[in-house]
Amino acid sequence: MFSLVRTLWDVFLHSFKPRVTRQYPEQPAYVPPRWRGRIILSRDPDGGERCVGCYLCAIACPVDCIALQATEDATGRRYPEFFRINFSRCIFCGYCEDACPTYAIQLTPDFEMSEYKRQNMVYEKEDLLINGTGKYPGYNFWRVAGVKIGGKDKGQAEREEPPTDLRQLMP
Amino acid sequence: MTSPYPFAAIFGILIVALTIASGLIWIERRLLALWQDRYGPNRVGPFGLLQVLADTIKLLAKEDWIPPFADKPVFIIAPAIIMITVLMSFAVIPIAPGIIISDLNIALLFFLAMSSLGVYSIVLAGWSSDNKYSLLGGVRAAAQMLSYEVFMGLSLMGVVLLSGSFDLVDIVHAQRKIWFIIPQFLGFVLFLIAGLAETRRLPFDLPEAESELVAGFHSEYSGMKFGMFFVGEYLGVTLISAMITILFFGGWMGPVLPPIVWFLLKMFFFIGVFILMRASLPRPRFDQLMAWAWKLMLPLALANLLVTGAVVLAFFH
Amino acid sequence: MNVIAFYIAAAIAVLTTVLVITRKNAVQALLYLAVSLISVAVIFYDLGAPFMAALEVIIYAGSIIVLFIFVVMMLNLGKRATEAESKLLHARMWIGPIILAGILIAELAYLLAQGNTRVGAAHVIPPRDVGLALYRPYLLGVEISSMLLMGALVGAYHLGWHKQRKPETQDANREHATSPDAGRGPVRTGSGRTVGAP
Amino acid sequence: MNRTDAITLLPLIVVAGTSVLAMLATAVRRSHVFTLCMTLAGLAAAFGCAWPAGARAPRQVTALLIIDDYSLFYFRLLIAAVFAIAILTYDYLRKRDLHREELYILLLIATVGAMVLVASSHFASFFLGLETLSISLYAMIAYLRRPRPVEAGIKYLVLAAGSAAFLLFGMALVYADLGTMEFARMAQLLPGTPGDALLISGMVLIITGIGFKLAVVPFHLWTPDVYEGAPAPVSAFIATVSKGAMFALLLRYFYSAGALANRHIALIFTIIAIASMIAGNLLALLQNNVKRILAYSSIAHMGYLLVAFLVGGEFAVDAVTFYLVAYFVTTLGAFGVISVMSGGDGEPEQLEDYRGLFWRQPALAGVFTVMLLSLAGIPVTAGFIGKFYIVAAGASSARWALILILVISSVIGLFYYLRLVAAMYATPDKEPAAATMPAAFIGGAVLAALTCVLLWLGVYPNPVLRMIENVFPK
């Protein structure tokens with residue numbers, strides 16, 4: 001019986017305690033830099049798309065929300081013909097980011113993605129691509145990869161020696 | 001003394017009661033939030049005051065669905081009964097000198113009669129829904145409200161003994177010297193608990209216990225029919241608070257401020273107490289509820305009556 | 001005494017009571033009974049017995065009929081009960097009592113039309129007077145009523161007691177189960193079946 | 001209420017107090033013997049309290065009860081009967097496995113109801129006493145909680161509730177007509193309203209209610225079933241205490257209110273009396289069930305009593321009272337035999353169960369024979385003197401038709417009593433089932449005492465007669 005009264009008193013005392021509710025839209029929420037929010041596709045420092053259409057992100061995605069089609073341009077540089085993420089499915093697990101060999105796909109600390117129409121939650125490549133390098137400013141895949149593309153032959157990549165002519169090695 | 005302008009009094013009290021009751025929806029949510037360190041509704045209008053209006057519009061606009069398996073006439077009547085009985089009780093509440101619809105010489109009994117008729121609303125709602133959870137809710141309501149009615153009446157008889165009247169105006173006048181909360185503290189506690197059970201407020205909301213009965217007796221109700229149960233509950237809280245004010249806290253009496261202000265102040269204080277209880281107390285098991293009623297509350301109420309009677313007979317006769 | 005109120009209440013009382021008898025659904029019949037009791041309460045109030053009126057509502061309409069409904073709800077009467085009831089409402093069943101009751105009513109109406117009752121005109125009797133009457137001249141009546149209720153309570157307790165007996169028999173079973181020769185009881189059938197399963 | 005009132009009410013208060021104490025004692029700890037002793041002690045004390053109360057009689061205690069020599073005489077009679085029934089109950093319940101103590105509490109409460117009936121001088125106490133009696137009886141009849149007792153209990157409940165409704169309605173009509181509920185006031189008002197239809201309708205409805213309790217003929221349908229279903233001591237209680245108290249009330253009400261002067265009322269009672277005598281005896285002829293035979297015989301006996309009642313005057317009161325005393329003793333004895341003979345699982349109800357009883361238990365058979373002969377009105381028993389008195393009363397006011405029917409129906413009745421007696425003395429053609437228990441000492445003692453009283457009343461009735469005459473000086 002007494003405990004009931006004490007409970008009442010204790011609860012009453014809460015009138016004088018600060019509220020824990022955050023007034024969200026007016027007081028923006030603090031989001032840590034490594035927060036896993038909206039997914040973007042980043043670009044090389046020179047402005048080219050980083051994504052090489054390797055499908056690893058689509059395979060890693062546990063909810064199958066990523067869809068893409070790889071293709072090549074005339075110079076042999078691979079890029080996604082389309083790249084589509086259905087954010088109404090995405091669970092922001094970050095596996096795609098882990099899987100990406102080119103640092104193209106990245107998760108950002110943005111979560112305010114409400115839409116009135118479900119269809120609007122499907123982001124196309126143009127919605128996903130940003131004009132920047134994201135978390136990895138200096139990295140340029142095509143500059144380090146040993147693939148021959150337009151404007152860069154084999155052996156011209158960074159920290160790469162020109163290819164050895166095997167026939168010269170013959171005794 | 002009945003009010004000189006009966007229709008003005010009726011409409012005035014009707015509108016005030018309904019306003020307070022619907023306003024309580026907001027007050028309760030704000031207070032609960034306060035005690036749970038939250039804000040509660042604060043978006044619609046200043047301090048969220050228009051939330052009530054928004055809710056009303058929402059309820060009115062919802063589909064008014066009557067299940068095909070329900071007993072239709074009873075299903076429709078049930079929510080009306082609770083509104084009728086509670087609003088009828090307001091007719092005998094003296095808010096301030098002259099502000100009363102009907103100064104009945106059996107006002108207290110009238111209040112008890114109306115609250116005992118209120119049971120029908122819940123029981124019939126549960127029965128007519130033809131849904132096992134609703135039926136269980138109705139059965140619980142019948143058992144609970146019948147049991148608590150018994151000592152609700154008995155706990156008030158101490159006040160009647162002290163004031164010598166069933167007339168609420170006389171009871172208020174009898175508290176000139178001392179509020180009945182002092183001599184009738186036990187009666188007050190018992191009435192408070194019985195009032196909680198009669199209005200099915202939270203520690204005793206077993207008829208609708210959401211977690212086990214999926215809202216119990218009003219599972220099948222939607223739209224304004226549900227709204228009537230909703231408002232009926234808040235009207236009940238207002239009524240019980242007004243009764244506590246009148247019976248134990250001197251009604252409209254108080255210094256400096258005008259009587260009606262005193263009355264409303266006291267009443268809102270008890271509404272706050274009701275909400276505080278909802279915020280803090282856990283719901284008992286049903287057998288505990290019944291055991292308390294018959295094994296603890298009833299003997300206490302009888303003992304209170306006995307002692308009060310003896311004292312009145314010995315010292316005031 | 002308000003004559004119009006009296007006649008309205010009386011008409012409702014009679015009408016609802018007829019409906020009580022003719023309803024096939026038990027809960028609806030009880031609802032009409034409640035309405036009938038409330039209208040009787042109105043008549044009491046009209047006749048100058050407010051205390052009686054309030055008690056009528058609190059005790060009969062508010063408690064006893066609710067208990068009835070409670071029991072009916074527990075019994076879970078379905079369509080079958082309604083059908084059984086509709087068989088009872090066959091003309092052969094009610095025509096005799098109806099005629100007898102009609103004769104009684106006609107007789108009563110005739111008697112009352114002679115209008116030589118000696119009971120005085122009604123005047124309002126406040127609750128205080130009721131209390132004084134009960135505890136001064138009719139004190140013995142109150143005491144005898146208390147004996148009556150005690151008899152009813154003891155009788156009801158005795159007749160309803162077998163429900164208390166169930167735990168005892170269960171206890172007996174449990175004792176039986178723990179006794180040495182209990183292995184042949186139902187306890188073992190389950191395990192036996194698994195052992196003997198093909 | 002003051003001191004003197006309390007003293008005059010002492011018999012009633014003691015019985016009521018004993019029931020409360022017995023209930024409290026049972027709540028603390030169940031003990032069959034203790035409850036019985038408590039009941040007997042309470043009854044004995046109440047019996048003793050009749051003397052201090054008598055010293056202050058007659059006295060009107062509030063408007064409800066009147067304690068005069070008449071009430072006190074019936075108090076003593078009822079208490080003595082209940083005393084015997086309580087002992088028989090002990091014997092009966094001893095062999096049964098169920099809660100036993102409640103029956104004594106109910107018995108005491110029913111006694112309170114009967115005593116209130118006897119002493120009532122007001123419609124309110126009349127009705128309250130009647131209901132106290134009936135409500136305890138419902139539970140007592142169904143006490144064994146087997147299908148048949150419960151059926152009997154429900155039958156009694158339904159019919160008693162119906163008759164109570166008639167009674168209440170009748171009271172309401174009489175009140176509407178006379179504006180009073182006190183018997184004494186009615187007596188003053190009645191002569192002024194000779195042929196009032198409202199009053200007569202009320203009276204007729206009251207007679208219906210009373211007739212149900214007395215189980216006289218148009219209202220007798222419950223009797224055989226209830227007698228058969230109820231435990232034997234409870235049947236004895238219904239036959240004696242319940243009916244006796246009602247008859248005492250009937251006497252007081254109709255004599256003090258002077259309603260019998262009305263031609264219509266008298267006619268109704270005459271028809272009831274004749275129907276009861278004839279129907280009761282004829283129906284009993286067809287029965288093989290001893291309890292049902294006794295039930296029908298009790299209907300007939302109520303008819304005989306009504307004959308004396310119709311005569312009116314002090315002679316009739318004496319005759320009725322003496323007949324009731326004899327009837328009490330006899331009926332208690334008859335049901336006592338059944339109760340003593342019954343085993344743990346049933347009662348010997350069929351005529352077959354009694355075949356050759358004399359060769360197995362001669363004493364019991366002898367007692368039963370005496371009781372049956374007394375019921376039949378054979379000389380040397382109390383029943384003869386009682387019946388003689390009634391005939392004398394009837395003759396004194398030249399009610400020859402009634403007397404003729406009484407005599408004829410008595411002769412018919414003789415047949416089935418003797419059939420039962422003959423069965424007891426027949427040689428048993430087969431070994432009896434071992435169901436019958438040997439008579440217990442305590443129950444046997446009651447039976448022996450009852451037999452002695454019966455023979456004493458039959459041989460030397462003068463002291464009792466004088467006592468009765470002194471009680472009703474008029």
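The analysis underlying the following values was restricted to heavy atoms, covering all of them including side chains, and did not include hydrogens, waters or symmetry mates. Just so we're on the same page: letters track the sequence lines, and every chain starts at 1.
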Given a strict heavy-atom distance threshold of 4.5 Å, which part of B:V139 is in contact with chain C: side chain, backbone, both, or neither? both
Under 4.5 Å from a heavy atom of chain C, the part of B:V123 involved: both
Can you check whether anything in residues 9-17 of chain C gets within less than 4.5 Å of chain B, heavy-atom wise, and list it by number? none
Is the CE atom of B:M88 crowded by more than 12 outside heavy atoms at less than 6.0 Å? no
With a 6.0 Å cut-off (strictly less than), is the heavy-atom count around OH of B:Y133, excluding the residue itself, greater than 12? no
Neighbour count >12 (heavy atoms, 6.0 Å) for atom CZ, B:F286: yes
Are any of the side-chain heavy atoms of C:L31 and B:Y120 separated by less than 4.5 Å? yes
Residue pairs, two or more places apart or on separate chains, that pass side-chain hydrogen bond (donor to acceptor under 3.5 Å, both in side chains) and touch residues 140-152 of chain B: B:R140-B:E212, B:S147-B:W294
Would you mind writing out the side-chain donor-acceptor pairs for residues 55-67 of chain C within the sub-3.5 Å range, not counting sequence neighbours?
unit_1, atom_1, unit_2, atom_2, d
C:S63, OG, C:I58, O, 3.0

Listed by number, the residues in residues 106-117 of chain B that come under 4.5 Å of chain C (heavy atom to heavy atom) are B:I106, B:L109, B:L112, B:A113, B:S116, B:L117
Is it the side chain or the backbone of B:I77 that comes within 4.5 Å of chain C heavy atoms, both, or neither? neither
Is it the backbone or the side chain of B:A143 that comes under 4.5 Å from a heavy atom of chain C, or both, or neither? both
